[in-house]
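Encoded as structure tokens, the structure appears first; notes follow it.
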Amino acid sequence: MNFELTQERRMMQDALRRYLANTITTATREAAEASPTGFSDRIWEGLAELGVIGALFTEDQGGYGGSGFDLATVFEEIGRAGAVEPLLDTGVLAGGLLGALGGDAAAQTLEAVIAGTHQLALAHTEPANRYALDRVSLTAEKTAGGYCLEGRKSVVVNASAAHDLLVTARTSGQVSDSAGISVFRVAADAPGLEIRDYPLSGGGRGAELTLTRVEVADAALLGVEGEAHAALVHAHARATLAICAEALGLMDRIRVLTTDYLQTRKQFGKPIGKFQALQHRMADVLVEIEQARSAVINLAGNLDGPSALRDLHVAATKNLISRVGKLVAEESIQLHGGIGMTMEYDLGHLAKRLTMVDHRFGDGIHHLDRFIRLAVA
Amino acid sequence: MNFELTQERRMMQDALRRYLANTITTATREAAEASPTGFSDRIWEGLAELGVIGALFTEDQGGYGGSGFDLATVFEEIGRAGAVEPLLDTGVLAGGLLGALGGDAAAQTLEAVIAGTHQLALAHTEPANRYALDRVSLTAEKTAGGYCLEGRKSVVVNASAAHDLLVTARTSGQVSDSAGISVFRVAADAPGLEIRDYPLSGGGRGAELTLTRVEVADAALLGVEGEAHAALVHAHARATLAICAEALGLMDRIRVLTTDYLQTRKQFGKPIGKFQALQHRMADVLVEIEQARSAVINLAGNLDGPSALRDLHVAATKNLISRVGKLVAEESIQLHGGIGMTMEYDLGHLAKRLTMVDHRFGDGIHHLDRFIRLAVA
Amino acid sequence: MDLTFTPAEEDFRKEVRAFLEAKLPERLAEKGRLGRHLSKQDHEEWHAILNERGWLAGNWPREYGGQGWSAVERHIFEEEMTRACAPRIVPFGVAMLGPVLQTFGSEEQKAYYLPRILNGTDWWCQGYSEPGAGSDLASVKTSAVRDGDHYVVNGQKTWTTLGQYANMIFCLVRTNTEGKPQEGISFLLIDMTTPGITVRPIVLIDGQPEVNEVFFDNVRVPAANLVGEENKGWTYAKYLLTHERTNIAGVGFAQAGLEHLKSIARLEQDNGRPLIENPHFAARIAQVQIDLMAMATTNLRVLSQAASGQAPGAESSMLKIKGTQIRQEINALTRVAVGPYAMPFVSEALEDGWNGDPIGPDYAMPATATYFNNRKLSIYGGSNEIQRTIISKAILGL
Amino acid sequence: MDLTFTPAEEDFRKEVRAFLEAKLPERLAEKGRLGRHLSKQDHEEWHAILNERGWLAGNWPREYGGQGWSAVERHIFEEEMTRACAPRIVPFGVAMLGPVLQTFGSEEQKAYYLPRILNGTDWWCQGYSEPGAGSDLASVKTSAVRDGDHYVVNGQKTWTTLGQYANMIFCLVRTNTEGKPQEGISFLLIDMTTPGITVRPIVLIDGQPEVNEVFFDNVRVPAANLVGEENKGWTYAKYLLTHERTNIAGVGFAQAGLEHLKSIARLEQDNGRPLIENPHFAARIAQVQIDLMAMATTNLRVLSQAASGQAPGAESSMLKIKGTQIRQEINALTRVAVGPYAMPFVSEALEDGWNGDPIGPDYAMPATATYFNNRKLSIYGGSNEIQRTIISKAILGL
């Protein structure tokens, strides 16, 4: 049993923490949010140069990491900095799925991803499938030499910047069958693909996609037709770990801001941190943040293990992060008072970003249901 | 809109509060608990003399009350005093059911009940029906001139003292049909009826009943064969109001004990009520007790209204009392520290009694389910 | 005990409902339903309609142009207003300053300002909070120094809601620095167009500039604008805070919010079934509905006490706490209900003049912004921590 | 990062498991499973079995008859003990006094008392708390006045767990009334058979006389029974409290309790289906299981820090809070699970010699008593309020 990071990961952690702390300011974040992609090209390049993108991929895929604790280490720092760059979407979610399904044909793209010159997005969510991974309505019909895609995708994060979109589509079966789901790679400028993009709460950009008779070649199919579900689940498990680690970093940064505030802010003639009622509430928040840290460790340690154990920890960790994230965001705003609600102070951005974690890859209730099915019933 | 008690009810409230405060001591309660019936004959007589039992019955039934606010007024005082006398079982639950189903034949018994000379108990719960009112396994088979009862009943409160038991039995249908349930009046000394009695947590006594070929006459059937369910539901609605009002009285008494304790008990050189963390927790408890008071008023005001509205408030109020009762019992023990866990101090008895409220007529989860079916789904 | 309203009260309810059906512009009601933002003109239009009927300040005494409504009538009016999704009455003039002027103002002040509140000439805002003061209102630092017939005001106010629309501000200012902090505060009415006043919007986490900072740099205010006596402002401020706390429970908002939430949860799909059938989601709706049913009765109990002349004490603090907990839970559940569509953040979509299609269902767009905006409920108007202290002081006396 | 145990640790676990399978009397394991009370003889029998194997005080250094176990080994041992439903080791001699004597006791005291703890000659109890002191341990009033070769002790201790079984008590006594309260406390070993000592049981809300008051009326204690230096007792007491807080999280108890709860919820019927299929009940089980999974890892993290020589600070307070919350929630759910059968209260049914049939299912009988008894978890060993203060002081430094 050992809860120390390896030396390599500790070095990555230090370097990344230092880089982000030196680079991200309120001004750079606001500039990023105003840009067409919703993030900073300069920071993206910086992350690539530091090797952070490569740390998300295995050696097979051209990276030098990719394990649970690699993801946890990187994303805790991303969270701590409140960074909005699409490491999760390009690197873990779409990149991970491409690495898993794409075979040799994907090698060149992955190289470009790791080098920081290629952006990806996964288009899976649809207006009515909420967080389900087995519900896909968008259809792909076989044509001579390819497929024709028709349907809608919603809240596709990073679609605005993506060069390629990985689109889940139904090639057979009913809307809720896990069999019959395929993944296609579709260029952002493909005819018939309409992308309506918008900013997201807490940073980044998302988009509504309408695919009207989008024709792709056979080579656009990733992996075996109709058999993408397992890879989709695995990619979401990895993305869930990443976003949970990011949430942990956000909480830890919020913890620091809030304890600082309690120590320095005076009211009724003394630091508000002297008021016992606030002390005890802060203590409860700290207890829960430790729980969140342990939950992230549990998922990281089981990410590449047996899928039953992995799925159990995905559900457990995301449910716990949902509850603790809400507590931390709400209590930190409350303990700050009015200043905690302004966008002029970092807390506002961090709390929004933390809150939005609940809306990706399943919220607390979704994972409560899953956990019950896996471990209680 | 008027939240004042009528003058009659206020007089009853005052008289009852004074009587119980002057009569019940730790010693009388311990003596009552050690007695074969689990309560004090003297207090029972006193309650009858004060007219408290009559206040639970309508004029038709020989009483002079019986409405929601009559029950609420009486039982809040019973709760405040921590009394263990079986007003609920004899007066509201079995007595109410007898009044509703018994017709003229029951008048004499009800007179004796109101006079304090006759005890009743309702035997409905069975080892596997938990809190369901429509599940009955105990069977009553028609015989020449009567019925033959066979089966088991569990945790029958006040069976030890009851002269008559009202026993729910299945005369037709499947175990979970609401049709086919009948109520029989069975004398406590009926051949074939075995009563194994024991004390209950928080006071009173319960019993396991085994009925082995218990023969009763046709006249023992109360109301129409197989059609007792609606009356059973109504009697339980009234009993639920009574126990919720009792819980409110218990909470109010616990509130007084706890605020007194916070004011007088010193630690680290000052009254512990000066510690802000405890102040704020007590404030939260007080907020919830006000919620409980309103919930009891809601149920009392709707008890004799349309059954849909009545059932909605039964579910809402019992669910809220379950949650608030747990909070009040646990927080008051915690705020007292060790002394709150001893039987030498009234709080122990009151907190136990309050906790046991959750185990009669459906717990918080049971009524959450009901409320969802009635008002959400 | 009687949980029903009197026939007269029921008639009044019908009258209000009929009025709203006839007079509330559908455009405004729709904005309310969809959580869109109201413009200054929207508010003014609605105030004018209410004023025409004499109901803009129904709780004011008749002599000042009100109806002298009882607490119960006010409650019924507010309940019907929320039910109809009518814009809420902007409180600063009508609910806050009005009662202070009526009680403590000079005859000249009453004659001049009260009609202007009703006819919309003046839009008031509140200058109470200061940076670094938070719930410690008595620590007012903004100074007013007497100079002939004027006070010269210097300092800064903050959290001034809708200050960008206002032409007048009522302020707590420090006129004496000696003695207890409460004893050197005065209550001053200031014209926002006076030279030296700067208003700077503060953008909140929902993206809206709802509140402002107001800076005073040698602002000359006529001494006639002092309300009551110099250094007695704390008394008037506390009186105002008591009035601010009517409808503190927000029962109507909560009921409307809960119905809206349930309608969303019936439309949203979760694994091919309506979300409302998910037992865990249904459980959370049920709990908050049960809590709201009890809180609505607590609110009526306090109203009924007020009607019989008892001043609400710790009870209104209890209502503030429970009321905000319930509304915030409803807001949180609404955010959760809309699923991934909680993420798009297009604040201009909530403004007039936005013609785009909604992103996702139209009910989804304001869910997150409303959730974040209403975190303020437990912070402002005396934070819930302050309310807990008030309750415990009242009960424990320590 | 590595969440697995080393091969050596896994071997140790196997060894413990094999030992428990071979040596734990089924009669004692069954009592554990059914929540029956253990008699003094039960405890002594099990202590003797463990002592024979050298595992009664595995965490003691080898020179005193222990095994010098690491924190991880101790954790594994405790986990296996709970898993097997073995009686817990009575902590007063082994876990509390032992380490104090080893660190601060004289050679004579070590040589005399430590073997008597191991071989069961002495049953120790704890004389820390006093009436009216609660969590304020330093306010010790029981006095010890030197009189020649003796101290004369007067005063009262309370909450003395299992004091009715003990022949020895270690006490905090006041030997100096001047200066800071902490500076006049001494640590004294007292033979319970000395004239002037009276033990009075306190019946708790679960009906059990688990704790006692101990009265001292001119009790003469040999001065040789002073541990360490006079007036330095507070140092030793704090050292003891730190040791008391190993296994503070109670992970093993929680895991065993959760499994027991799930087995009950599979057997109990709710509307004709197993209770565990009720989504609301299942949700509460799921939440506490998820919390426990995280807490178990926090516990290992703290153990691992301890193993690498870092002293746990606020972390052990966090474990105390979360650990007790989880265990109390499991106890509450178990009470709820048994339904109406939570009401029967036959305390003698949990004792030896009771031959009656259980009332309802056998698992139902102890549910309510255990729920009430374990309200103590958040009160004793430094109440959870004290722990929150420790955490906030450590983090905020205020």
Side-chain angles (χ1 to χ4, degrees), chain A residues 125-132 134-135 154-155 157 175-176 196 198-208 265-269 272 275 277-278 281 322 326 329-330 333-344 347-349 351-352 355-356 358-360 363-366 368-369 372, chain C residues 129 131-136 138-139 158-159 181 202-207 209-211 268-272 275 278-281 283-284 328 332 335-347 349 356-357 359-361 368-369 371-373 375-376 378-380 383-385 388-389 392:
Chain A
T125 304
E126 297 180 0
N129 70 357
R130 208 169 171 87
Y131 304 115
D134 49 6
R135 298 187 82 85
S154 54
V155 200
V157 180
V175 64
S176 62
R196 177 187 177 201
Y198 45 76
L200 297 175
S201 198
R205 294 186 75 86
E208 302 299 286
R265 159 82 159 154
K266 287 187 180 167
Q267 219 171 304
F268 301 102
I272 58 174
F275 289 95
L278 305 192
R281 279 167 62 177
S322 167
K326 181 166 187 284
E330 294 182 351
I333 290 173
Q334 186 69 24
L335 290 169
H336 274 83
I339 188 78
M341 288 194 58
T342 70
M343 281 313 287
E344 299 173 11
L347 179 65
H349 169 69
K352 280 168 78 169
T355 302
M356 287 302 109
D358 203 29
H359 295 274
R360 295 203 76 183
D363 58 24
I365 287 174
H366 175 86
L368 177 63
D369 264 329
I372 289 172
Chain C
S129 298
S135 295
D136 185 6
S139 70
T158 192
W159 310 127
I202 301 173
V203 178
L204 293 184
I205 46 178
D206 64 343
E210 185 180 73
V211 293
E268 283 287 316
Q269 295 294 303
D270 176 55
N271 274 314
L275 177 62
N278 177 305
H280 311 301
F281 199 83
R284 286 189 58 187
Q328 290 180 335
R335 171 177 64 69
V336 169
V338 303
Y341 277 120
M343 296 170 69
F345 180 61
V346 186
S347 55
D357 285 332
I359 295 163
T368 294
Y371 164 77
F372 281 121
N373 186 275
R375 297 315 304 169
K376 74 187 175 196
S378 48
I379 295 173
Y380 74 3
S383 71
N384 284 14
E385 290 71 40
R388 287 191 183 92
T389 297
S392 61

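Here is the naming used below: chain letters follow the sequence lines, and residue numbers restart at 1 for every chain. Bear in mind the structure is a predicted one, so any value in this text is a computation, not a measurement.
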Given the options [options], which has more heavy-atom pairs under 4.5 Å with chain C than any of the others?
{"options": "A/L368, A/T125, A/D363", "value": "A/L368"}
{"options": "A/T355, A/L278, A/I333, A/D358", "value": "A/T355"}
{"options": "A/K326, A/M343, A/Q334", "value": "A/Q334"}
{"options": "A/A128, A/S154, A/G206, A/G348", "value": "A/S154"}
{"options": "A/R265, A/E208, A/K266, A/H359", "value": "A/H359"}

Does any heavy atom of chain A fall under 4.5 Å from the side chain of [X], the backbone, both, or neither of them?
{"X": "C/S139", "answer": "neither"}
{"X": "C/R388", "answer": "side chain"}
{"X": "C/N278", "answer": "side chain"}

Does any heavy atom of chain C fall under 4.5 Å from the side chain of [X], the backbone, both, or neither of them?
{"X": "A/Y131", "result": "side chain"}
{"X": "A/R281", "result": "side chain"}
{"X": "A/T342", "result": "both"}
{"X": "A/V175", "result": "neither"}

